[in-house]
Amino acid sequence: MKLSSRFLIITLVPIMIFTGSFLVTYFTLFQETLIESKISESTVLISTIAERLAKPTYFFDVNEIDIILDDVRANVQVLSIQAFTSNGDLISKSDISNHSNVPFIKKSLHSTEIVYEFDSDMIKISAPIVVNESIGTVVMRYSLESINQILYTYFIWIIGISLILSGVSGIISFFTSKKITNFLLKISKYSDDIASEKIPATISNVHIDELDHLKISLDIMNQRLESSKHKLLLSERFSSIGGLAARLTHDLRNPLSIIKMSIDNLKLLYGVDVVKQKQFERIDRSIDRITHQVDDVLDFVRIKPLDLMDISLCKLLKKTIEDIHISSNVKISLPEQDLIIYCDPLQIQTVFSNLIHNAIHAINNDDGVIDISTSVFQDTITINIVDSGHGIPTESINKIFEPLFTTKQHGTGLGLASCKTIIENHGGSISVNNNPTTFKIKLSKSIKNDEINS
Ligand SMILES: Nc1ncnc2c1ncn2[C@@H]1O[C@H](COP(=O)(O)OP(=O)(O)OP(=O)(O)O)[C@@H](O)[C@H]1O
Ligand SMILES: [Mg+2]
């Protein structure tokens, strides 16, 4: 069954059931209320008439009785009003209408109370006229036609309103279901497009919270899929380029060290004159640059197993700094308190070396400071490396850990990517903040890690 037909049935059936039961309840209660109000009105009236007639002089004078009854009839809308003796003889003449032929209530003849009786379209109500010892009866007949008319009018109104309501809700439910069906068809096409790697057509909001939410979730899923696809593509490319680069850089190392050795020998032989010395320095710088790039590529590409051990952080930092050429304009301050960290010293040294090189580069020729500090909280050791350099442009800060991202002319853009890999292999994390440029390394404290004083 189609969704729209289901919707129609689900909407219309309850309305019909509700209207039906409402009509039955309403009419029963309403009719009773109307009749009760008529009866109470009649009771008051007939009691008054019975009292007016209850005078011996009137009771035997037909004309007097007729005058009183005509007076009532002139003021109240009744079908008929008649007075009877206790034998049932009619003692009023003026009301010999069709309605008067209807037999009056037998049980009311000797009744000392007011008696009611209903016909399909009238109420008969009789009250005793007590004159001395004898009891007569006054009988009034009211038409129920006006009540039935009111009920009929209301009935037509209620049916009309319920038909209009059913029509309106039917139309609304039809269009809503159409909207939902169309949306679901679009969504299924959307997911088919995603599955078949096509660009899915945009779907506009339907302003139904759950469906709009579904659309948003699918959009997010699509975006995530796109970014995973992109990452997969990149990682595939990197893995093939990585293999090639690893081989290439490895093969470059031997000729590079031979060139370096030969240049050193040539320097000893011919490096006395200033012009030649300058040439040798240029060759040296170029060799250093190639060596740095080869090392960067190898650090990034090689997945080396961790050789973990306990080592003093300060010792590790000092060893790293020894291998770096630091110009006099840069001051490095080491942590006041040493810590034992459980790590692969060579790999962590690569991390420090990359971060310090970057900081030196950022400080450039200005006077600057690289401040290295540590803190311990619960099971985590934090190492902060803060520099007073030019800072990282806001637009680049989210990209600096991506492989190959560099703003330097001779950079590989692999330094921070290697740092991230190494720290994450140690189960830690590395993050960056600006103003001042702060690289924060978090490592898990090993069991053997007791704080020591430097
Ligand atoms: N301390 C820093 N201050 C300012 N910018 C930095 C700092 N450290 C890194 N960067 C920015 O992050 C980029 C990426 O750094 P990363 O170490 O990965 O590569 P690189 O330094 O450019 O190249 P390589 O490390 O091969 O010399 C740098 O080019 C630089 O723009
Ligand atoms: Mg770098």
Side-chain angles (χ1 to χ4, degrees), residues 235 238-239 241-243 245-250 252-253 256-257 288 290-326 332 334-335 338-361 370 372-376 379-387 400-406 411-432 437-450 452:
S235 75
F238 277 131
S239 77
I241 294 174
R247 229 182 34 241
L248 205 70
T249 44
H250 187 264
L252 275 176
R253 272 197 154 177
L256 208 60
S257 50
D288 283 348
I290 298 172
T291 313
H292 167 72
Q293 298 205 347
V294 165
D295 286 347
D296 260 7
V297 172
L298 280 176
D299 283 339
F300 180 70
V301 168
R302 276 192 305 210
I303 302 167
K304 287 176 269 187
L306 296 179
D307 184 11
L308 295 167
M309 63 184 75
D310 277 337
I311 188 146
S312 144
L313 177 70
C314 279
K315 222 182 254 175
L316 213 57
L317 282 167
K318 279 175 191 159
K319 226 168 150 196
T320 312
I321 292 164
E322 272 167 22
D323 296 341
I324 300 173
H325 167 73
I326 299 163
I332 300 188
L334 295 177
D338 195 8
L339 288 173
I340 296 292
I341 57 171
Y342 188 59
C343 65
D344 180 325
L346 284 179
Q347 294 199 29
I348 293 294
Q349 227 175 304
T350 307
V351 173
F352 291 149
S353 168
N354 272 317
L355 295 176
I356 294 169
H357 267 116
N358 283 347
I360 292 173
H361 193 273
I370 302 170
I372 305 172
S373 61
T374 56
S375 63
V376 182
D379 197 35
T380 306
I381 293 172
T382 306
I383 305 161
N384 289 312
I385 300 173
V386 184
D387 71 68
I400 60 169
F401 290 104
E402 282 176 16
L404 303 183
F405 177 84
T406 181
T412 59
L414 293 176
L416 288 179
S418 302
C419 293
K420 193 167 186 293
T421 313
I422 293 171
I423 296 295
E424 284 175 358
N425 284 346
H426 278 77
S429 68
I430 180 166
S431 58
V432 66
T437 314
T438 307
F439 283 87
K440 199 181 281 272
I441 298 170
K442 287 189 179 212
L443 289 172
S444 181
K445 196 177 164 191
S446 97
I447 319 151
K448 301 170 190 170
N449 229 340
D450 297 318
I452 56 160

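Predicted model only: the values in this text are computed from it and were never measured.
Among all heavy-atom pairs drawn from L443 and I341, the shortest one is CD1-CD1, 4.4 Å. Pairing each heavy atom of G415 with each of N354, the nearest pair is O-ND2, 3.4 Å. Closest approach of I430 and C419 over heavy atoms only: CD1-CB, 4.3 Å. Shown here for A417 and G413, the closest heavy-atom pair between the two residues is CB-O, 4.5 Å.
Within the 4.5 Å cutoff, the side chain of L317 has heavy atoms near those of the P335 side chain. With a 4.5 Å cut-off on side-chain heavy atoms, I360 and N358 do not count as touching. Counting heavy atoms from C-beta on, the side chains of V432 and L416 never come closer than 4.5 Å. Side-chain contact check for N384 versus T374: every heavy-atom pair is 4.5 Å or farther apart. Side chains of I372 and I383 form a contact here, defined as non-hydrogen atoms less than 4.5 Å apart. Between V386 and I370, every side-chain heavy-atom pair lies at or beyond the 4.5 Å cut-off. S375 places none of its side-chain heavy atoms less than 4.5 Å from the side chain of I381. Using a 4.5 Å heavy-atom threshold, the side chains of I324 and F352 count as separate.
From C343, atom SG reaches atom CG of N425 across 12.5 Å, with rounding to the nearest 0.5 Å. Between atom CG of residue L313 and atom NZ of residue K318 there is a gap of 10.5 Å, rounded to the nearest 0.5 Å. Rounded to the nearest 0.5 angstrom, H426 NE2 and Y342 OH are separated by 10.0 Å. Remark: L355 CG to I385 CD1 distance equals 4.5 Å, nearest 0.5 Å. Note that the NZ atom of K315 and the CD atom of Q349 stand 12.5 Å from one another [nearest 0.5 Å].
Panel note: side chain H361, backbone H357; no donor-acceptor pair is recorded below 3.5 Å. No donor-acceptor distance shorter than 3.5 angstrom exists from the side chain of D379 to the backbone of S444, with no hydrogens or angles considered.
Not counting sequence neighbours, E402 has no partner by the salt bridge (Lys or Arg N to Asp or Glu O under 4.0 Å) test. With sequence neighbours excluded, the residues forming a side chain to side chain contact (heavy atoms under 4.5 Å, CB included) with K442 are T380, T382, S429, K440, listed by chain and number. Partners of L248 by side chain to side chain contact (heavy atoms under 4.5 Å, CB included), not counting sequence neighbours: none found. With sequence neighbours excluded, the residues that form a side chain to side chain contact (heavy atoms under 4.5 Å, CB included) with L252 are V294. Evaluation of the side chain to side chain contact (heavy atoms under 4.5 Å, CB included) rule for D307 yields M309, D344 as partners, not counting sequence neighbours.
Listed by first then second residue, pairs satisfying salt bridge (Lys or Arg N to Asp or Glu O under 4.0 Å) with a partner in residues 414-432 read K420-E424, not counting sequence neighbours.
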